[in-house]
Amino acid sequence: MVVMRLLLLLLLLCGFLFSLHAPSRATAADTLSRGRSLAGDERLVSSNGKFALGFFQMGSKPSNNTFNSYLGIWFHNVPKLTPVWSANGEHPISNLVSPELMISGDNNLVILARDTIIWSTQANITVNSTVAVLLANGNLVLRSSSNSSDIFWQSFDYPTDTLLPGAKFGRNKVTGFNRRFVSRRNLNDQAPGIYSNSLALDESMRLSWKSSTEYWSSGEWNGKYFNSLPEMSDRTFNNYMLVNNDQEIYFSYTLVNESTIFQVLLDVSGQWKVRIWGQHDWITFSYSPRIQCDVYAVCGAFAICSNKANPLCYCMKGFSIRSPDDWELEDRTGGCIRNTPLGCNGSDKSTKGMTDKFYPVPFIRLSANGIGKQNATSAKACAELCLSNCSCTAYSYGQGGCSIWLDELINVATDDNGEILYLRLAAKEVQSWKGHKHGTIISVSVGVSIVALVFIFLFVIWRSRKRSSPQMDNDQGGIGITAFRYVDMKRATKNFSEKLGVGGFGSVFKGHLSDSVAIAVKCLDGAQQGEKQFRSEVSSIGIIQHVNLVKLIGFCSEGDRRLLVYEYMPNRSLDAHLFQSHGPVLDWNIRYQIALGVARGLAYLHHSCRDCIIHCDIKPQNILLDASFTPKIADFGMAKFLGRDFSRVVTTMRGTIGYLAPEWISGTDITSKVDVYSYGMVLLEIISGRRNWGKKSFTDDDHARYFPVQVMDKLLNGGIGSLVDANVLGDVNQVERVCKVACWCIQDNEFDRPTMVEVVKFLEGLSEPDMPPVPRLLHAMTGGSPSM
Ligand SMILES: *[C@@H]1O[C@H](CO)[C@@H](O)[C@H](O)[C@H]1NC(C)=O
Ligand SMILES: *[C@@H]1O[C@H](CO)[C@@H](O)[C@H](O)[C@H]1NC(C)=O
Ligand SMILES: *[C@@H]1O[C@H](CO)[C@@H](O)[C@H](O)[C@H]1NC(C)=O
Ligand SMILES: *[C@@H]1O[C@H](CO)[C@@H](O)[C@H](O)[C@H]1NC(C)=O
Ligand SMILES: *[C@@H]1O[C@H](CO)[C@@H](O)[C@H](O)[C@H]1NC(C)=O
Ligand SMILES: *[C@@H]1O[C@H](CO)[C@@H](O)[C@H](O)[C@H]1NC(C)=O
Ligand SMILES: *[C@@H]1O[C@H](CO)[C@@H](O)[C@H](O)[C@H]1NC(C)=O
Ligand SMILES: *[C@@H]1O[C@H](CO)[C@@H](O)[C@H](O)[C@H]1NC(C)=O
């Protein structure tokens with residue numbers, strides 16, 4: 001809990017920065033009363049300056065100079081316009097009409113344009129005079145002008161895609177009134193989209209597509225969090241609650257510090273997201289469902305979703321995007337359309353589409369809405385069954401027998417263990433590719449094949465002599481990075497059966513090469529670059545070799561698959577040894593050697609490589625131990641493999657939040673000092689043998705228990721020996737030295753932190769660290785604590 005506060009303070013720091021460049025808001029009012037109106041750029045601003053209400057437009061300028069204008073509420077201090085509510089999503093107004101917001105004769109709040117009421121709160125008002133107020137929590141209320149508790153209408157009752165703190169998500173059991181969330185149509189259009197989130201009576205959240213097909217459930221509420229969202233037990237920024245009584249059932253949350261800019265929303269992508277504003281951009285902490293392709297039909301009809309592709313969606317062979325502009329805005333519901341009509345619809349009606357062809361699409365997660373045809377007992381019969389019905393667009397014949405799909409084919413995704421989908425296409429369409437691509441004269445293709453065979457033969461001989469492609473070799477002396485085939489990796493890992501773990505970049509499986517060398521194979525999720533770039537990056541990472549870095553043995557790059565092959569570490573990762581309650585504890589000597597080894601590995605990454613490499617995710621899970629407990633850092637250089645979207649990957653990884661340097665959230669540039677900070681946090685855990693934060697510390701004496709605070713306290717007031725794991729005896733001078741280094745590493749200001757080279761020197765005893773100042777955040781956290 002205290003670490004949460006620490007993070008919170010980091011955020012406050014951001015809040016402070018915001019307040020510096022926020023426009024002057026002394027004049028903006030939060031109340032609209034009778035006789036006044038709001039138009040153009042005028043806005044109401046909540047009393048705390050956090051929210052603004054007014055007319056807004058989104059997107060770039062259309063060619064004919066007309067925008068859709070919406071009345072809505074957004075975060076006043078977030079430079080990237082982020083609406084949290086809109087009134088007239090379904091009835092956008094052209095900016096040429098100059099709409100006005102005012103209190104009408106019947107005391108309702110209305111949008112008036114050219115003397116027409118576009119939108120109204122439509123409440124039954126029982127007083128003579130009302131006012132509209134934008135409250136500090138972002139709720140727009142219409143209330144009696146004389147009695148502030150007499151509320152007739154509030155925006156919290158008619159939410160769009162965002163759940164704000166203090167709002168109720170759920171229903172009134174007596175009246176049946178239900179507040180649910182609906183995604184927006186696309187990034188520019190505030191019209192309701194196809195995804196919604198409702199709170200079910202069994203106390204779970206359910207995401208559905210077109211209000212009919214449910215694709216994700218949060219699991220039931222267990223008193224603290226929804227069962228499939230254990231990360232909600234993290235109370236860094238907010239406290240969640242669920243109320244269920246005779247009158248109502250609702251889910252809600254409050255912020256730990258009101259200044260935090262926090263958003264929970266149902267995104268255009270169909271994912272329920274929890275995010276926080278980190279000065280330059282939103283940092284998303286949680287996505288549900290976690291995998292984008294698990295959102296039902298996210299790519300629309302006749303499109304395939306692939307988590308490994310960029311962009312996410314692509315049209316099936318023989319189809320083209322129906323509305324490219326909407327795709328750009330992440331609205332893919334239009335899907336793809338056929339390039340050539342099927343035989344059924346074509347001119348040759350006599351054959352009724354029997355001339356159509358099937359195109360096999362391998363590795364497909366089939367859509368569940370196929371119709372099983374049990375009496376078609378062969379692939380041929382299944383194909384014929386499909387051809388005989390003009391609505392049939394695809395079939396599959398696999399483990400489940402014959403299935404056919406009628407009309408639009410939706411919710412299709414790639415899957416490495418998936419089946420083959422046979423897609424029905426017009427014969428003309430298939431012929432047109434043959435004509436272009438392969439040539440039609442058989443003798444030519446035979447000739448080409450022979451030449452190709454000769455080439456392949458020569459290539460194989462050449463490969464077997466070199467054992468790796470020339471790109472993989474380097475002038476520093478024959479490091480062998482092997483290019484593996486996917487089938488070999490599949491065999492080596494027994495079809496990816498023994499999972500070692502899941503990281504932010506993909507799953508890791510254990511395997512054996514033919515010579516019984518154990519390997520760890522990492523299947524990268526979301527690798528966004530082409531084969532050539534991947535290979536060149538593999539080779540540049542392959543050059544990086546150090547006794548404290550995990551060695552890259554090889555890779556595999558086939559189709560959209562990207563695998564990395566590493567040496568296998570029998571003693572797994574540091575967290576397994578530090579934090580498990582049973583089994584032998586690591587003695588102080590081994591801990592000290594681990595601390596030193598990790599520091600050396602990082603110093604090498606930061607300073608000795610050709611390019612400086614920032615790891616960005618130092619944590620005990622990424623420190624592996626070989627048979628003799630030599631530490632080896634894993635996952636370095638991943639930024640290179642994943643391409644430009646790196647910051648998103650890092651900030652969305654779970655469980656690493658306790659190691660993030662303040663710069664991540666304040667938005668200043670990231671330097672190698674972020675690794676120094678994370679290293680400091682890990683060092684504290686190595687000393688204590690427990691997590692800096694943990695479930696056990698959810699008690700009232702948090703301040704005393706948060707380990708970094710204790711270390712600082714003991715450094716200043718003596719008694720450092722008591723800090724080390726009770727089961728371990730350590731040399732007190734060495735422990736004190738390590739404690740000092742750790743406190744230097746977690747300084748707020750990156751310039752105060754040592755470099756990793758200096759850390760190595762301190763640990764080796766080659767130079768002596770001074771007494772570290774108390775990190776400002778720790779200081780603030782303990783407030784008036786007498787011990788410090
Ligand atoms: C919340 O944040 C503000 C602004 O940064 C800060 O002044 C205030 O002390 C914080 N409140 C708490 C309870 O931490
Ligand atoms: C301007 O263009 C948009 C989209 O292209 C269209 O929907 C709208 O009707 C056009 N407006 C006018 C006034 O032509
Ligand atoms: C307002 O009152 C009318 C008549 O009493 C009723 O039919 C209507 O449902 C009420 N509207 C609301 C929003 O309560
Ligand atoms: C509303 O105004 C009328 C006349 O101005 C007055 O008679 C009436 O008592 C008022 N009603 C309320 C609820 O204030
Ligand atoms: C104000 O309105 C509330 C809710 O309608 C009511 O309970 C309360 O008695 C009113 N107060 C006064 C002073 O009229
Ligand atoms: C055939 O054409 C009709 C309209 O002309 C269309 O609704 C239908 O989807 C088409 N069917 C196929 C399989 O293309
Ligand atoms: C399967 O049964 C349907 C009717 O139930 C029939 O129309 C179809 O011809 C049968 N297919 C085969 C391959 O027997
Ligand atoms: C195609 O098959 C479906 C399901 O078996 C059936 O409902 C439909 O009527 C068939 N359509 C035609 C044109 O035969």
Side-chain angles (χ1 to χ4, degrees), residues 7-30 38 40-62 67-86 89 95 134-138 140 155 160-165 184 186-190 237-238 255 257-269 273-285 328-330 644-648 650-652 660-670:
L7 281 159
L8 180 70
L9 283 158
L10 303 187
L11 284 162
L12 304 191
L13 206 68
C14 312
F16 170 70
L17 291 169
F18 278 131
S19 60
L20 290 181
H21 57 70
S24 122
R25 53 175 103 93
T27 53
D30 64 355
L38 200 72
D41 290 339
E42 291 168 338
R43 53 199 54 169
L44 297 185
V45 175
S46 61
S47 58
N48 57 359
K50 196 167 174 182
F51 296 97
L53 168 103
F55 290 97
F56 68 90
Q57 294 97 31
M58 295 190 82
S60 50
K61 224 171 189 184
F67 292 96
N68 279 338
S69 188
Y70 302 96
L71 174 76
I73 300 171
W74 61 91
F75 289 108
H76 189 44
N77 290 333
V78 171
K80 193 173 187 169
L81 176 62
T82 309
V84 296
W85 178 78
S86 58
N95 62 326
L134 180 61
L135 302 181
N137 60 4
L140 174 67
S155 62
T160 53
D161 60 349
T162 297
L163 175 64
L164 286 174
R184 297 298 92 188
N186 65 40
L187 298 176
N188 285 348
D189 188 344
Q190 287 287 306
F237 303 116
N238 54 355
L255 289 179
N257 188 321
E258 293 296 332
S259 316
T260 318
I261 297 182
F262 193 86
Q263 193 185 20
V264 177
L265 82 160
L266 183 55
D267 195 62
V268 172
S269 67
K273 291 184 178 176
V274 179
R275 62 188 192 176
I276 196 157
W277 179 257
Q279 189 157 30
H280 290 327
D281 207 346
W282 290 100
I283 299 176
T284 305
F285 287 97
E328 283 292 300
L329 299 169
E330 293 183 20
R644 55 190 166 73
D645 216 4
F646 178 57
S647 61
R648 188 181 75 99
V650 169
T651 48
T652 55
L660 287 181
E663 302 93 278
W664 279 112
I665 297 176
S666 67
T668 45
D669 285 345
I670 299 303

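The two residues Asp30 and Ser46 come nearest to each other via the heavy atoms CB-CA, 4.0 Å. In terms of heavy-atom proximity, Asp161 sits nearest to Pro83 at OD1-O, 4.4 Å. Residues Ile261 and Val78 approach most closely at CG2-CG2, 3.8 Å, considering heavy atoms. Scanning both residues, Val84 and Phe75, for their nearest heavy atoms gives CG1-CE1, 3.4 Å. Taking each heavy atom of Phe51 and Leu134 in turn, the nearest pair found is O-CD2, 3.6 Å. Counting all heavy atoms, side chain and backbone alike, Asn48 lies closest to Ala136 at ND2-O, 3.0 Å.
Every residue two or more places apart in sequence or in another chain was checked for a ring pair (Phe, Tyr, Trp, His ring centres under 6.0 Å) with Phe55, and none qualifies. In this structure, the side-chain contact (heavy atoms from CB on, under 4.5 Å) partners of Ser155, at least two apart in sequence or on a different chain, are Ile73, Trp85, Asn139, Leu140, Trp153. Partners of Gln57 by side-chain hydrogen bond (donor to acceptor under 3.5 Å, both in side chains), not counting sequence neighbours, listed by chain and number: Ser69. Not counting sequence neighbours, the partners of Asp189 by the side-chain hydrogen bond (donor to acceptor under 3.5 Å, both in side chains) test are Tyr70. Remark: Thr162 engages Gln263 in a side-chain hydrogen bond (donor to acceptor under 3.5 Å, both in side chains) (not counting sequence neighbours). Every residue was checked against the side-chain hydrogen bond (donor to acceptor under 3.5 Å, both in side chains) condition with Arg43, not counting sequence neighbours, and none meets it.
Arg275 places a side-chain heavy atom less than 4.5 Å from the side chain of Leu265. The shortest distance between side-chain heavy atoms of Asn186 and Glu330 does not fall below 4.5 Å. Side chains of Met58 and Leu187 form no contact here, defined as non-hydrogen atoms less than 4.5 Å apart. By the 4.5 Å heavy-atom criterion applied to side chains, Phe262 and Val274 are counted as neighbours.
Remark: side-chain polar atoms of Ser259 are not paired, donor with acceptor, to backbone N or O of Asn257 under 3.5 angstrom. In terms of modelled atom types and a separation under 3.5 Å, the side chain of Lys50 and the main chain of Glu258 share a donor-acceptor contact.
In this structure, Phe56 has its ring center under 6.0 Å from that of Trp74.
The distance from atom CG of Leu38 to atom CG of Leu71, rounded to the nearest 0.5 Å, is 7.5 Å.
In this structure, a donor-acceptor pair under 3.5 Å is absent between the side chains of Trp277 and Thr260.
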